[in-house]
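These numbers come from a predicted model, not from an experiment.
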Amino acid sequence: MVMMPPEPPSAALRLAIDRDALKTNWRTLDALSGSASAGAAVKADAYGLGVDVAMPALRQAGCRDFYVAHWLEAQAALASAPASAIGVLHGPLNAQDAAFAVATGLRPVINSLDQARLWAEAGGRCCDLMIDTGINRLGLPMADLGNPLIAALQVDVLLSHLASADEDSLLNPLQLARWQDARRQVAHRRASLANSAGITLGDAYHGDLTRPGIALYGGVPCAGLEGTVRQVVRPEAALIQIRTLSAGDSVGYNATFTATQPMRVGVISLGYADGYLRAWSGKGMMLAGERRLSVLGRVSMDMTVIDLSAAPDLREGDWVAACYDLPRAAAATGLSQYELLTTLGRRFAR
Ligand SMILES: *Cc1c(COP(=O)(O)O)cnc(C)c1O
């Protein structure tokens, strides 16, 4: 007798990803980038969405340039785009990374003279070059621009990154001027400065390529993007138990919620291990259709308890969706919109 493999178990947690909203957000940011093209930052697994979901949708929308941070991320991204379309922001740390880039055709972002040397020694050709114009994080110091190692590079995109693009800061024009200076000093095919918020700073900041991340995925990093970005991501969880509390019963660790009257509550399969952090304790809101169901007490590792008073018809196995509009979620929890996305865990069916 042939044993059939069992059907896989069902998911009790899923991330609803609105691919149309993602595509629309890219097209909006591409249009706002004027004569420049918008690329996409897809590091950290496309800010938690999954590169295998986000990159094909972005490519369908017309996106042709992608940036990851790590080499292992680049390897995963290769399934969704040609190597020449993928830049690796951290650059080669050693000869092994440089050899991997040469073998695959991935584009390293060179961030220092040491990295330029590694790239030359590996026989590398086309690369990107990150100039530090004031964030003092990763990037070649302006003082090293005239070094022969830099002149020998075959630079596709000359990059820099803004520290305060989401603010009206004097750093913005200062970094712009330094980036323009670097563009005059180093031969390059294309130039890029703006992240999502940087796109709103005007044409001068656009160069040939912009690099939005957060706004593609539904984040609103600055006032200039309010009303133009669509929500993309919504966590959804199954009700795994329903119970009735009596007046005086408390809920969850440390009993931070106590019922004042009999009430029907539900346990959902979503917790802080999934990135639904304890910041949501006593504050989060789930939706069942239009009905709003409050989080009661502490969020646990794998579970959260919600008030079902407004939805008496819900049964075990039914689904609810978390309110996860990023600007509002950030205001409610004190977490950044970036953290709210990138902490979403690996247990979601995407
Ligand atoms: C993350 C990142 C971006 C995207 O920034 P957002 O603020 O998410 O738009 C662009 N460029 C670089 C170098 C980055 O590291």
Side-chain angles (χ1 to χ4, degrees), residues 9-18 44-45 47-50 53 217-219 231-350:
S10 62
L13 195 56
R14 62 190 180 213
L15 203 59
I17 298 173
D18 186 339
D45 209 18
Y47 288 44
L49 276 71
V53 176
Y217 310 117
Q231 184 175 350
V232 174
V233 175
R234 200 183 51 213
E236 297 178 344
L239 277 161
I240 56 176
Q241 191 169 43
I242 290 178
R243 58 195 313 127
T244 303
L245 304 182
S246 305
D249 284 348
S250 63
V251 169
Y253 285 122
N254 306 108
T256 59
F257 173 82
T258 302
T260 56
Q261 57 190 39
M263 64 191 293
R264 195 164 165 268
V265 304
V267 183
I268 58 172
S269 56
L270 170 70
Y272 60 75
D274 305 303
Y276 198 71
L277 300 185
R278 278 173 31 135
W280 288 110
S281 298
K283 281 187 198 160
M285 195 65 76
M286 300 291 147
L287 293 174
E290 303 279 277
R291 295 162 305 176
R292 298 166 68 80
L293 314 173
S294 307
V295 167
L296 303 175
R298 290 258 160 93
V299 172
S300 308
M301 187 184 293
D302 318 300
M303 288 174 268
T304 296
V305 178
I306 60 174
D307 182 358
L308 295 183
S309 306
D313 55 302
L314 284 187
R315 297 285 170 262
E316 289 170 4
D318 287 346
W319 288 74
V320 296
C323 287
Y324 219 73
D325 170 73
L326 290 171
R328 279 190 225 144
T333 58
L335 299 167
S336 80
Q337 297 179 55
Y338 297 82
E339 292 169 307
L340 284 162
L341 280 180
T342 57
T343 53
L344 292 171
R346 308 313 314 166
R347 291 196 288 199
F348 290 94
R350 285 170 163 81

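- Arg291 and Asp313 are joined by a salt bridge, as a carboxylate oxygen and a charged side-chain nitrogen come within less than 4.0 angstrom of each other.
- Tested against Leu293, the residues Leu287, Ile306, Asp307, Leu239 include a single side chain to side chain contact (heavy atoms under 4.5 Å, CB included) partner, Ile306.
- Rounding to the nearest 0.5 angstrom, the gap separating the CZ atom in Arg298 from the OH atom in Tyr253 is 11.0 Å.
- Residues Val251 and Arg243 fail the side-chain proximity criterion, which asks for heavy atoms closer than 4.5 Å.
- Atom CZ of Arg328 has 12 or fewer neighbouring heavy atoms from other residues, nucleotides or ligands inside a 6.0 Å radius.
- The shortest side-chain heavy-atom distance between Trp280 and Thr304 does not fall under the 4.5 Å cut-off.
- For the atom pair CG of Leu340 and CG of Leu326, the computed distance is 6.0 Å after rounding to the nearest 0.5 Å.
- Residues satisfying the salt bridge (charged side-chain N to carboxylate O under 4.0 Å, His left out) test with Asp18, not counting sequence neighbours, are Arg230.
- Across all their heavy atoms, Ala330 and Gln337 have their closest contact at CB-CG, 3.8 Å.
- Test Val233, Asp274, Leu49, Asp45 against Leu344 for side chain to side chain contact (heavy atoms under 4.5 Å, CB included) and you get one pass: Val233.
- Inter-residue side-chain proximity for Tyr276 and Val295 is flagged as met; some heavy-atom pair is nearer than 4.5 Å.
- Between the side chain of Thr258 and the main chain of Gly248, no donor-acceptor pair closer than 3.5 Å is present.
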Applying side chain to side chain contact (heavy atoms under 4.5 Å, CB included) to Phe348 and Leu270, what does each step give before you reach the verdict?
CA-CA 9 Å; Phe348 290 94; Leu270 170 70; 3.9 Å; yes
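- Remark: the Thr256 side chain and the Asn254 side chain contain no N/O donor-acceptor pair separated by less than 3.5 Å.
- A distance-only check finds a donor-acceptor pair linking the side chain of Arg350 to the backbone of Gly48 [under 3.5 Å].
- Within the 3.5 Å criterion, the main-chain N or O of Pro312 finds a donor-acceptor partner in the side chain of Arg264.
- Between Ser269 and Ala12 the shortest heavy-atom distance is OG-O, 2.5 Å.
- From Lys283, atom NZ reaches atom OG1 of Thr333 across 7.0 Å, with rounding to the nearest 0.5 Å.
- Taken from OG in Ser336 to CG in Leu341, the straight-line distance is 8.5 Å, to the nearest 0.5 Å.
- Counting heavy atoms from C-beta on, the side chains of Glu339 and Leu277 never come closer than 4.5 Å.
- Side-chain contact between Ser294 and Met285: present, with at least one pair of heavy atoms (C-beta onward) separated by less than 4.5 Å.
- Contact annotation: the side chain of Val320 approaches that of Leu314 to within less than 4.5 Å [non-hydrogen atoms, C-beta and beyond].
- Atom-to-atom distance recorded for Met263:CE and Phe257:CZ is 4.0 Å, nearest 0.5 angstrom.
- Atoms CG and OG1, on Asp249 and Thr260 in that order, are 11.5 Å from each other to the nearest 0.5 Å.
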